[in-house]
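Contents: one structure, followed by commentary.
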Amino acid sequence: MNFNLEINKEKCIQCGLCIRDCMPKIITFNENKEPVSIKERENSCINCQHCLAVCPTGALSINGKRSENSQNIEKEFNSEMILNLIKSRRSIRHFRKENVSAETLEKLKDMLDYVPTGVNNHGLFFSVIENKEVMDELRKAVNDRIIKIVSNKAIKPIAKTFERYTDAILKGEDIVFRGAPHIIVASTPKNAPCKDYDGTIALSYFELYAKSLGIATCWCGLAYACFKYIPGLKSILNIPRTHDIAYCMLFGYPEINYTRTTQPEKVPVRTIKEIKIKESFWSKLFE
Ligand SMILES: Cc1cc2nc3c(=O)[nH]c(=O)nc-3n(C[C@H](O)[C@H](O)[C@H](O)COP(=O)(O)O)c2cc1C
């Protein structure tokens, strides 16, 4: 990425917000109080585009992104609705045997550009099966192998995982994919600063946005384990060699609907009321 900061002097009101919100401190005022970049720091730009997003008059373009191409931001969100969405999300294991419409698939995929990634790495890669016939082929390929694995107790980590499902698997039940017509597999670059988190964060956003569009999802640790441990399966997903699978999520139109929320136990949330540091221990570290 070539760093490029452009300021429209007629629009700039010299408020300094772009300077204040530049995390790597690349922007400063020049002697005429115009925002300019500090040349030696330009390499530190993580292309977060906060300067573009925060400018109240749309005076700033960064790295080829112009303010007129950004969407305006709603000032208020319905927090009750968002909480209701969170409370009513479910891991759904009964899907209609039909493809999600192309329009909805596009919306879901487009949303993925906006998920947060550590150090704004944005190196995520998603493999999506958009056609249920293709999903059926994957289902067969995986289930054929799992039957062999549970029968022969081969590939230890997988055999152990599937032990408790042996009867169902031998009866031909689709324990892994739950009859879903689609799967999305998130993978992250092996060298991404937050590789262990970016993929699951992305799928969490996917889960909630999908729910808002009437699409059911199910986190799928079993599919993750299959892709990880059964040789030859990962290559089906066309994942770049530079990436590792982060997690998998099934999705499709729900065949069942839930009438009410569940009633989870309270999780411990502890307020820290004072900070106690053992100075003697701490100072010993630096002796
Ligand atoms: C990381 C993770 C992995 C999961 N893996 C599977 C899975 O492989 N198969 C499955 O049917 N459900 C899976 N689930 C769904 C959980 O079993 C589910 O969250 C739990 O039953 C509670 O239901 P709820 O999500 O509707 O609240 C997974 C959930 C998470 C968060």
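In listed order, ligands and their atoms are each counted from 1.
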**OP:** Under 4.0 Å from a heavy atom of R178: give me the atoms of ligand 1 that qualify, with their elements.
**Re:** 11 (O)
Subject >> Any protein heavy atom nearer than 4.0 Å to atom 22 (C) of ligand 1 >> reply: no
Original post:
Just wondering, do L203 and C248 contact through their side chains at under 4.5 Å, heavy atoms?
Top reply: no
**OP:** Rounded to the nearest 0.5 Å, what's the gap from NE2 on H243 to NZ on K234? Could you check?
**Re:** 10.0 Å
**OP:** Run the numbers for me: atoms of ligand 1, each under 4.0 Å from some heavy atom of G221, listed by number.
**Re:** 3 (C), 4 (C), 5 (N), 6 (C), 7 (C), 8 (O)
**OP:** Out of R89, R90, K87, indicate the one that has the non-hydrogen atom closest to atom 25 (O) of ligand 1.
**Re:** R89
Subject >> Pairwise side-chain hydrogen bond (donor to acceptor under 3.5 Å, both in side chains) hits with a residue in residues 172-183, at least two apart >> reply: R139-D174, N143-D174
**OP:** Check whether any side-chain N or O of Y253 sits under 3.5 Å from a backbone N or O of S101 as a donor-acceptor pair, and report yes or no.
**Re:** yes
Subject >> side chain to side chain donor-acceptor pair (under 3.5 Å) partners for N2, two or more places apart >> reply: none
Original post:
Is the backbone N or O of N32 less than 3.5 Å from a side-chain atom of Q14, with the two atoms forming a donor-acceptor pair by type?
Top reply: yes
**OP:** Could you tell me whether the side chain of S91 and the main chain of C218 form a donor-acceptor pair under 3.5 Å?
**Re:** no
Original post:
Of the listed options (V176, T200, L222), which comes nearest to atom 8 (O) of ligand 1 when hydrogens are ignored and any heavy atom counts?
Top reply: L222
**OP:** If you have a sec, work out which protein heavy atom is nearest atom 3 (C) of ligand 1 and how many Å separate them, to one decimal?
**Re:** Y247 OH, 3.3 Å
Subject >> Nearest non-hydrogen protein atom, atom 18 (C) of ligand 1 >> reply: S91 OG, 3.3 Å
**OP:** Can you pull out the closest protein heavy atom to atom 17 (O) of ligand 1? Residue, atom name and distance to 0.1 Å, please.
**Re:** R93 NH2, 3.0 Å
Original post:
For atom 13 (C) of ligand 1, what's the nearest protein heavy atom and its distance?
Top reply: W219 O, 3.1 Å
Subject >> Those atoms of ligand 1 less than 4.0 Å from some heavy atom in C218 >> reply: 10 (C), 11 (O), 12 (N)
